Amino acid sequence: MRILFMGTPDFALASLKALCEAGHDVAAVVTQPDKPRGRGHYLTPPPVKVYAQEKNIPVLQPLTLRGEEFAKTLEDIDPELIVVVAYGRILPKNVLEYPKYKCVNVHGSLLPEYRGAAPMQRAIIDGKRVTGITTMLMAEGLDTGDMLLKAEAKIEENDNFETIHDRLAALGASLLLDTVKGLEYGSITPIPQGEGATYAAKIEKTDCLIDFSKPVDEVHNLIRGLSPIPLSFTHTPDGKLLKITESRIFSRKATGEACGKVISTDGEIRVACADGVISLLGVVPEGKGRMSAADFINGRKISVGDILF
RNA sequence: CGCGGGGUAGAGCAGCUUGGUAGCUCGUCGGGCUCAUAACCCGGAGGUCAUGAGGUUCAAAUCCCAUCCCCGCAA
C-alpha cells in the first residue's frame with residue numbers, strides 16, 4: 001500500500017527506516033521545515049529528511065497542514081495509509097480522514113498513560129518500572145485515538161532517556177511493521193483507550209532544576225530522565241550552573257547532613273538528599289563540555305562541605 | 001552577523017589584571033611502608049604554553065594583531 005510518512009526526529013527515523021527496509025511503498029515524507037539550530041544558528045535539516053533524501057523519497061516540509069495547498073498535495077500523493085511518528089504538529093481532520101487505512105501513530109508510552117509530548121522522559125522521572133509503545137488510529141484529540149497494538153519495555157534502575165529512547169524507537173519500529181500488516185489484513189481490532197489518561201507535558205527549564213531535599217530516588221530519576229538531553233542542573237556555591245549527566249544511588253539511608261551538601265569527593269561527588277545519598281558521576285560545568293565527576297574534582301572546582309542548590 | 005567561555009604535561013585546572021624561575025589535583029614510572037592495598041610516604045619522567053621565522057619589549061604563557069580549532073547558553 002502507498003504510505004505517506006510523517007515524522008521529524010531520530011525517534012521517527014527508526015520507524016521510517018523499518019518501513020523502507022521492509023519494502024513498503026513510502027511515497028513521500030512530510031517533516032518539519034529546516035530550522036536554525038546549534039551554535040551560529042545554522043539551518044539544519046531534520047534527521048528524517050536527510051535519510052529520505054538518501055533514499056530518493058520526495059520530502060515535503062509544509063509550514064501548515066491546513067488549507068487547500070496541503071489538501072491538494074495529499075491528493076497528488078494519494079496515500080492509502082499515513083504513518084505519523086513524532087511529527088510535531090496536529091493533523092487536521094481532512095488529513096486524518098483521507099487515507100483508506102486512516103492514520104497510524106506510534107507513541108512512546110502505554111496509553112492512555114503519558115499522552116503528549118514527553119512520554120519517555122516523564123515515565124522515567126516518575127520512576128516507572130515499565131513503559132512501552134502503543135500504536136493507534138489517530139483521532140482529533142491529543143493521542144486519544146483507539147489503540148491497535150502495544151508492546152512493553154522495562155525501565156531498569158540506571159536506564160536514562162537515551163537508553164529508553166533508543167529501545168523504544170526500535171520497539172516502535174517493529175511494532176509499526178506489525179501494525180501495518182495487521183491493518184492490511186484487517187486482523188487488528190482497535191480498542192478505545194478508556195479511563196485513566198495522564199499527560200506527559202513538554203519538559204520545561206523549571207523541570208530541570210534538581211531539588212536535593214527530595215528523596216534520593218526522585219533525584220536520580222530526574223537526572224536520568226533528562227539525560228543526555230536537556231540535562232538536569234544545580235548550582236555550585238559560586239552560583240555557577242552545573243549540569244548533571246549521570247548519577248547512581250549511593251545509599252538510601254538519611255545522613256543528617258543538609259540536603260545538597262557535598263559529603264564526599266572521592267572519585268565521584270556524593271550529595272546528601274532527604275533520605276539518602278546520590279553519587280554524581282558526570283557533569284557539564286558552565287561554559288565547559290562534558291566531563292567525569294573525577295575530572296571536575298581534579299580541577300578543584302568542588303570540595304566536601306559545598307552546598308549545591 | 002544570536003550571547004558567552006576556552007585552547008598551558010596523558011586528564012581536569014591555576015598562572016595572564018601588575019611581562020622576568022612552568023604551578024596544583026589526578027594519572028603514569030621507580031622506590032619505600034604494609035599480611036596486603038586502588039591507602040599512605042619519598043622520588044622521577046613528561047609541556048613547541050593552539051597556530052603565525054607576526055607586532056611591542058632587554059625579556060611574552062602573560063600585552064597587541066591575524067588565523068585555526070573546541071565548548072556552553074539560547075533557539
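The model shown is predicted, which means the values in this text are computed figures rather than measured ones. All values below come from the heavy atoms of this structure, side chains included, with hydrogens, waters and symmetry mates left out. Per chain, numbering begins at 1; letters A, B, ... match sequence-line order.
Base pairing analysis places G4(B) opposite C71(B); the two distances defining the Watson-Crick or G-U wobble pair are each below 3.5 Å. The nucleotide G27(B) finds no pairing partner, because no Watson-Crick or G-U wobble arrangement with both distances shorter than 3.5 Å includes it. Pair assignment for G52(B): C65(B), on the basis of Watson-Crick or G-U wobble contacts that are both within less than 3.5 Å. The partner of C16(B) is absent, by the rule that a Watson-Crick or G-U pair needs both atom distances under 3.5 Å. The partner of C40(B), taking Watson-Crick or G-U wobble pairs whose two distances both stay under 3.5 Å, is G32(B).
In this structure, CD of Gln32(A) is placed 14 Å from C1' of A75(B), rounded to the nearest angstrom. Asp295(A) has its CG atom 8 Å from the C1' atom of C26(B), to the nearest Å. Taking atom NZ of Lys240(A) as the reference point, atom C1' of G6(B) lies 12 Å away to the nearest angstrom. Straight-line distance from the CG atom of Asn298(A) to the P atom of U8(B): 16 Å, rounded to whole Å. In this structure, the CG atom of Leu241(A) is 18 Å from the P atom of G4(B), given to the nearest Å. Separating the CE atom of Met291(A) from the P atom of C26(B) is a distance of 17 Å, rounded to the nearest angstrom.
Under the side-chain contact (heavy atoms from CB on, under 4.5 Å) criterion, Lys154(A) pairs with Glu156(A), sequence neighbours left out. In this view, Ala170(A) satisfies the side-chain contact (heavy atoms from CB on, under 4.5 Å) rule with no residue, not counting sequence neighbours. Residues passing the ring-ring contact (aromatic ring centres under 6.0 Å, His included) test with His41(A): none are found, sequence neighbours excluded. By the side-chain hydrogen bond (donor to acceptor under 3.5 Å, both in side chains) test, Ser15(A) pairs with no residue at all, sequence neighbours left out. Applying the side-chain contact (heavy atoms from CB on, under 4.5 Å) test to Asp78(A) and every residue at least two apart in sequence or in another chain returns Tyr98(A). With sequence neighbours excluded, the residues forming a side-chain contact (heavy atoms from CB on, under 4.5 Å) with Arg167(A) are Asp159(A), Thr163(A), Ile164(A), listed by chain and number. Glu286(A) is linked by a side-chain hydrogen bond (donor to acceptor under 3.5 Å, both in side chains) to nothing, counting only residues two or more places apart in sequence or in another chain.
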Atom pairs, N/O to N/O, protein against nucleotides 37-41 of chain B, distance under 3.5 Å?
none

Below 3.5 Å between N/O atoms, which protein atoms pair up with nucleotides 69-71 of chain B? Just atom names and distances, please.
| unit_1 | atom_1 | unit_2 | atom_2 | d |
| --- | --- | --- | --- | --- |
| C71(B) | O2' | Lys288(A) | O | 3.1 |
| C71(B) | O2' | Gly289(A) | N | 3.2 |
| C71(B) | N4 | Arg39(A) | NE | 3.3 |

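Members clustered with Val50(A): none, using a 4.5 Å side-chain heavy-atom cutoff among hydrophobic residues.
Straight-line distance between the C1' atoms of U8(B) and A53(B): roughly 23 Å, to the nearest whole Å. Nucleotides G15(B) and C24(B) have their P atoms positioned 15 Å apart, rounded to a whole Å. Between U21(B) and G4(B), the distance separating the two C1' atoms is 35 Å to the nearest Å. When the C1' atom is compared between C16(B) and A59(B), the two are found 16 Å apart, to the nearest whole Å. Rounded to a whole angstrom, the distance from the P atom of C64(B) to that of G23(B) is 25 Å. C1(B) and A61(B) have their C1' atoms separated by 32 Å, with the value rounded to a whole Å. Comparing A74(B) with U56(B), their C1' atoms sit 39 Å apart, to the nearest whole Å. Rounded to the nearest Å, the gap between the C1' atom of C42(B) and that of U51(B) is 40 Å.
Contact annotation: Lys205(A) reaches the phosphate of A74(B) (side-chain N/O to OP1 or OP2, under 4.0 Å).
Side-chain contact between Ile278(A) and Phe212(A) is present, with heavy atoms from C-beta onward closer than 4.5 Å. When side chains are defined from C-beta on, Leu74(A) counts as touching Ile82(A), because their heavy atoms get closer than 4.5 Å. Under the 4.5 Å side-chain criterion, counting only non-hydrogen atoms from C-beta, Leu241(A) is in contact with His235(A).
Take the nearest nucleotide of RNA chain B for Phe296(A) and for Gly40(A): the residue whose nucleotide is more 5' is Gly40(A).
Environment of CG in Leu43(A): crowded, with over 12 heavy atoms of neighbouring residues, nucleotides or ligands closer than 6.0 Å. In this structure, Lys214(A) places its NZ atom where only 12 or fewer heavy-atom neighbours from other residues, nucleotides or ligands lie under 6.0 Å away.
A donor-acceptor contact shorter than 3.5 Å links the side chain of Thr8(A) to the backbone of Tyr87(A).
Near RNA chain B, defined here as any heavy-atom distance below 4.0 Å, the residues from residues 299-309 of chain A are Gly299(A), Arg300(A), Lys301(A), listed numerically. Scanning residues 41-52 of chain A for heavy-atom distances under 4.0 Å to RNA chain B yields His41(A).
A cation-pi contact, defined as under 6.0 Å to the ring centre and within 45° of the axis, links Lys205(A) to Phe233(A).
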